[in-house]
Amino acid sequence: MLGASGAPPRWRGGPGERAALLEELVAGLARGDASPPPTAAPGGADALLGYALRVADSGIAADAGGDPDVLFHALRQRLAAGQRPDDAARLAELYAQLCQQPGLTPRGRAAVLALLQQLADSGPGLPAGRSIAAYRPLQLPKVLPVRGLAAGAADAAQGSSDQAARGPRPKPLHDGALAHEQHAAAGSAGGAVKQAALVKDVLRAVQGFSGRYNSFAPGPPDPAAPGAGLRVAPQEELPLPAGARTLLHELGELGLMYRRVQAAIAEGRGRGRGSVHQALCAALGEEVTDFYRLMAVLQDQLAAPQPHAGGGGGDDASPARDAARPYLSLRRLQLWLAEPLRRMRLLAALVDGCRGRLGGDLAGAVWAASKVGDPLAASYATRILHQMCVPLFDMIRAWVFEGRLDDPACEFFVVPGGGGGGGDAWRDAVRLEPAKLPPFVGPGLAATILRSGKSINFLRDACGDGRWVQDWAPGAAAAAAALGYGQLAVLERAVVSAGRAVDARLMAVLHSSGELERHCQAIRRYLLLGQGDFVVALLDCLGPELAKPARDVSEVTLNHLLRQALAASAGGGRADEEGGAQERLRARKAPAGEGETGWDVFSLHYALGPPLSSIFTPAAQASYSRLSRLLWTLRRVERSLGSAWHVLKVEVERSLPRFGADPARPRLLGLLRACLRLRAEMAHLCVNLQYYVNLEVLECAWSEFVCAAGVAPDLDSLIAAHDRFLASVLQRALLGGGAAEALRPGLGQLLRTCMGLAPLAARFNERVQAGLMARERRAAEAAANTAAGRWGATSAAPAQAVPDDELGELADTLAHLADSYRTSLRAFLRALPAAANEVNAEVRFLLARLNFSDFYTRSAAGAASG
């Protein structure tokens with residue numbers, strides 16, 4: 001029975017009444033035994049009764065305290081670990097009945113469970129197939145007796161008088177090893193003092209202090225060798241048997257483990273330590289608190305005498321002799337400290353595994369310890385991990401719902417990107433640190449966490465939508481306010497839900513106030529030359545200026561002419577169209593090289609600020625400039641070939657009939673046909689290249705990008721779609737690396753050769769017009785001579801309008817230009833299949849169109865055979 005206070009009360013009845021109750025209990029247990037052994041000793045019940053009297057007198061649960069549920073779970077776990085599920089279930093049923101007893105406080109339940117635990121630790125228990133009457137306890141309970149030895153002897157004596165009819169009672173039995181140890185300790189007064197001094201010294205050692213016989217080596221202990229840091233006094237100073245000396249080393253190992261754990265706790269409490277590390281040290285401190293309680297109990301029992309069990313007399317039951325024996329001995333300390341040593345080993349191993357780690361990496365080390373096969377080690381690590389994840393989850397909540405990095409010790413796996421103030425607001429703001437990512441946070445969840453906080457900061461800083469963030473964050477954060485390590489699935493759902501909400505808001509802002517579609521269309525029209533009238537107007541305005549040497553071209557003049565071209569094109573004259581194209585479109589001039597013209601250093605740039613500058617980055621603008629230069633080159637070649645055709649067909653061909661029977665006319669006709677034939681070949685190349693780049697490459701890729709941008713769920717997906725668009729266009733337009741890079745010099749030379757026909761046609765036209773003027777001048781002179789009565793012509797043969805040397809020079813120049821063009825084209829066609837294999841199958845279609853009838857292949861074979 002327990003008192004109203006919950007503590008074990010003093011016995012208020014007579015000694016005989018208590019003995020009678022205990023005897024009735026033992027007799028009932030003996031009668032309930034289904035199969036008593038036939039060889040059971042007649043005095044077995046008396047031996048068990050004597051043991052029960054000793055337990056009742058020992059006050060085994062006098063200092064019981066703490067949570068009874070904790071003691072219950074410890075006992076049930078012990079039964080489960082011993083492969084005794086039925087006993088564990090029976091214990092749960094009995095504990096439920098105990099909790100329903102009226103007047104029994106939690107302290108009283110804790111005392112009952114402490115009694116059961118101490119009895120379980122006192123011996124191996126009842127073997128299977130044995131009668132309870134044959135149970136012979138091995139040792140006394142390892143606690144300080146509350147009642148005096150004399151009272152226990154009186155109770156036992158009274159019980160003996162009440163049961164005189166049963167015959168003489170045998171004296172209580174002790175554990176053989178313990179009796180031998182106590183007998184050796186009681187052999188002399190000096191031996192008792194030595195045993196007490198050793199116990200006192202060991203208690204100091206297990207608390208990390210050096211004593212008279214045990215001292216710790218300076219420096220940190222070696223984790224690889226248990227007891228290596230403990231020094232026991234030599235045999236000359238402390239003569240002990242080898243077993244006792246080994247026992248001192250084993251008990252000193254607890255002090256070494258404690259010192260390592262305590263050093264880690266003290267280190268974590270220093271300034272500058274992160275919150276996750278401090279949480280680990282706090283959890284370790286709570287685990288060590290139980291060790292402090294045990295040390296306090298052992299210190300109280302240090303001066304306690306050996307408890308005397310009530311018996312029927314005899315010399316070895318003398319109270320005076322038992323009182324001279326110390327209750328705590330090295331062997332008892334070994335039994336008391338076995339479980340704390342195991343726990344301290346686990347904590348020390350955990351401390352060693354966490355050394356040098358921070359934040360998520362530190363939590364990952366404890367998480368790995370929670371996945372080991374030892375249930376006790378896993379339970380300790382899991383309990384510590386729950387406390388460590390509190391600050392880590394607080395960081396996740398602050399970042400996901402507020403976009404705030406509350407991480408002064410750099411423990412969080414989201415770290416600043418290091419881009420500085422001039423970096424991109426999206427790409428360079430923050431990044432994931434894989435070394436700090438705990439293993440229980442997967443890569444997908446980590447990416448969602450990173451993007452959620454980035455989106456909040458991007459909305460607030462780049463989009464100016466901080467009001468929405470302030471209204472949304474409190475309600476969303478309340479749903480994840482109390483999440484911990486054991487609720488990872490709930491945390492993931494909360495993070496994903498928050499990420500979707502923020503991403504949807506960000507994409508809506510980009511499409512509405514950011515005017516993403518309008519700016520994309522402006523880039524397509526102006527940078528990628530999708531608006532034809534603008535291209536024509538720009539060529540007309542910038543052509544004369546860009547034909548100058550590059551050093552003579554002014555960027556201010558180029559921008560002025562660019563605005564004139566925009567004003568002349570459809571829709572470009574209004575500042576509100578296409579997101580203000582007149583204010584954003586700029587002409588740029590690259591550094592000029594030797595012999596370069598304005599066309600070589602000219603490029604267009606479409607200026608965009610936040611938030612769209614995170615999509616159209618400087619690298620993307622450089623890619624657009626490369627595409628723009630290629631498209632401008634093709635347009636220049638097209639315009640140059642058109643100009644040559646106009647000169648040859650409109651001016652030269654119309655002037656030739658006026659030569660009449662001039663001897664130079666047949667050669668002029670032949671030269672005109674050769675120019676027109678070469679111009680047709682060059683136009684065939686230019687038209688097919690433009691068709692391939694504009695329609696098969698650019699238009700298809702642009703349509704895919706526009707569709708992807710319209711359904712992109714977040715900014716990362718939109719940026720990825722834009723990057724794929726640029727990479728695809730550059731690679732398929734032969735502006736990428738690999739085989740396409742080897743093609744570009746040949747293609748550039750080919751296009752420059754094509755642009756060389758227009759100057760030749762202009763020179764040809766100059767010679768024709770000069771010859772025609774000379775012929776008309778001679779005709780006028782002849783008419784004047786005839787009118788004056790003189791001969792119209794005095795030479796025997798009429799003078800040739802265009803001299804043969806000039807015709808020969810033009811013919812040689814044309815032949816050289818045609819040969820250079822065809823040679824470059826054949827080299828380009830030979831290298832094109834390699835690019836087709838590497839880049840895209842569409843390049844093969846370009847090859848088929850450029851050489852559809854194998855004209856250049858057959859002409860090259862004919863030239864080689866000739």
Side-chain angles (χ1 to χ4, degrees), residues 532-533 535-548 565 568 597-599 632-690 750-783 798-822 825:
D533 60 343
V535 177
V536 173
L538 191 61
L539 285 172
D540 292 338
C541 295
L542 294 181
E545 182 69 20
L546 294 178
K548 299 177 182 178
T597 64
W599 286 108
W632 275 114
T633 302
L634 293 176
R635 286 302 184 101
R636 285 176 59 205
V637 172
E638 179 188 20
R639 187 181 181 89
S640 175
L641 293 177
S643 175
W645 182 88
H646 181 273
V647 169
L648 293 174
K649 291 293 289 185
V650 175
E651 299 186 15
V652 175
E653 189 174 17
R654 289 183 179 182
S655 300
L656 287 184
R658 298 166 59 185
F659 278 84
D662 191 283
R665 183 181 177 183
R667 296 189 62 183
L668 290 174
L669 284 173
L671 193 59
L672 175 61
R673 295 190 183 97
C675 287
L676 290 174
R677 184 166 56 249
L678 180 60
R679 187 262 168 200
E681 295 180 16
M682 292 179 175
H684 176 258
L685 169 69
C686 181
V687 169
N688 280 281
L689 282 177
Q690 280 190 302
L750 193 59
L751 297 177
R752 285 192 296 270
T753 303
C754 292
M755 285 188 288
L757 181 61
L760 179 60
R763 287 172 55 196
F764 182 29
N765 184 45
E766 290 176 1
R767 297 295 186 272
V768 170
Q769 298 303 326
L772 186 59
M773 291 175 63
R775 181 179 174 81
E776 290 177 351
R777 188 174 56 252
R778 287 196 300 270
E781 291 177 357
Q800 188 170 311
V802 181
D804 289 337
D805 55 346
E806 293 183 3
L807 291 175
E809 180 186 356
L810 288 174
D812 293 341
T813 304
L814 180 60
H816 176 73
L817 183 63
D819 183 65
S820 176
Y821 167 75
R822 293 182 179 115
L825 181 58

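Basis for what follows: all heavy atoms, side chains included, without hydrogens, waters or symmetry-related copies. Residue numbers run from 1 in the order of the sequence given.
- A distance of 8.5 Å separates CG in Leu750 from OG in Ser820, rounded to the nearest 0.5 Å.
- No side-chain N or O of Asp812 forms a donor-acceptor pair with one of His816 less than 3.5 Å apart.
- Panel note: side chain Tyr821, backbone Glu681; a donor-acceptor pair is recorded below 3.5 Å.
- In this structure, CG in Leu760 is found 14.0 Å from CZ in Arg679, a value given to the nearest 0.5 Å.
- Listed here is the closest heavy atom pair of Ala664 and Leu807: CB-CD1, 4.0 Å.
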Residues Arg763, Thr813; criterion side-chain contact (heavy atoms from CB on, under 4.5 Å); working and verdict: CA-CA 11 Å; Arg763 287 172 55 196; Thr813 304; 4.1 Å; yes
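- Atoms CG and CD, on Leu810 and Glu766 in that order, are 10.0 Å from each other to the nearest 0.5 Å.
- The minimum heavy-atom distance linking Val647 with Ala761 is given by the pair CG1-O, 3.5 Å.
- Between the side chains of Glu638 and Gln690, at least one donor N or O sits under 3.5 Å from an acceptor N or O.
- Counting only heavy atoms from C-beta outward, the side chains of Leu678 and Leu817 approach each other to under 4.5 Å.
- When every heavy atom of Gly771 is checked against every heavy atom of Val802, the shortest pair comes out as CA-CG2, 4.0 Å.
- Between the side chain of Arg775 and the main chain of Phe659, a donor-acceptor pair closer than 3.5 Å is present.
- For the atom pair CG (Leu668) and CD (Glu653), the distance works out to 12.5 Å, reported to the nearest 0.5 Å.
- Here the side chains of Lys649 and Arg654 are not in contact, with every heavy-atom distance at 4.5 Å or above.
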Residues Leu814, Cys675; criterion side-chain contact (heavy atoms from CB on, under 4.5 Å); working and verdict: CA-CA 7 Å; Leu814 180 60; Cys675 287; 3.5 Å; yes
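- When side chains are defined from C-beta on, Leu672 counts as touching Leu648, because their heavy atoms get closer than 4.5 Å.
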Verdict with reasoning, Phe764 to Val768, per side-chain contact (heavy atoms from CB on, under 4.5 Å): CA-CA 6 Å; Phe764 182 29; Val768 170; 3.6 Å; yes
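- Side-chain contact between Cys754 and Leu685 is present, with at least one heavy-atom pair separated by less than 4.5 Å.
- Side-chain contact check for Leu689 versus Leu751: some heavy-atom pair is nearer than 4.5 Å.
- You'll find the side chain of Lys548 reaches within 4.5 Å of the side chain of Glu545, heavy atoms only.
- Note: Ser655 OG to Arg665 CZ = 11.5 Å, rounded to the nearest 0.5 Å.
- A salt bridge links Arg639 with Asp540; the closest basic N to acidic carboxylate O contact falls under 4.0 Å.
- Note that CD of Glu651 and CG of Leu656 are 12.0 Å apart. Values are rounded to the nearest 0.5 Å.
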Criterion side-chain contact (heavy atoms from CB on, under 4.5 Å) on Val535 and Leu539, from CA distance to verdict: CA-CA 6 Å; Val535 177; Leu539 285 172; 4.1 Å; yes
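- Here Glu806 does not pair with Arg667 in a salt bridge; the nearest charged N to carboxylate O distance is not below 4.0 Å.
- At least one donor-acceptor pair under 3.5 Å links the side chain of Asn688 to the backbone N or O of His684.
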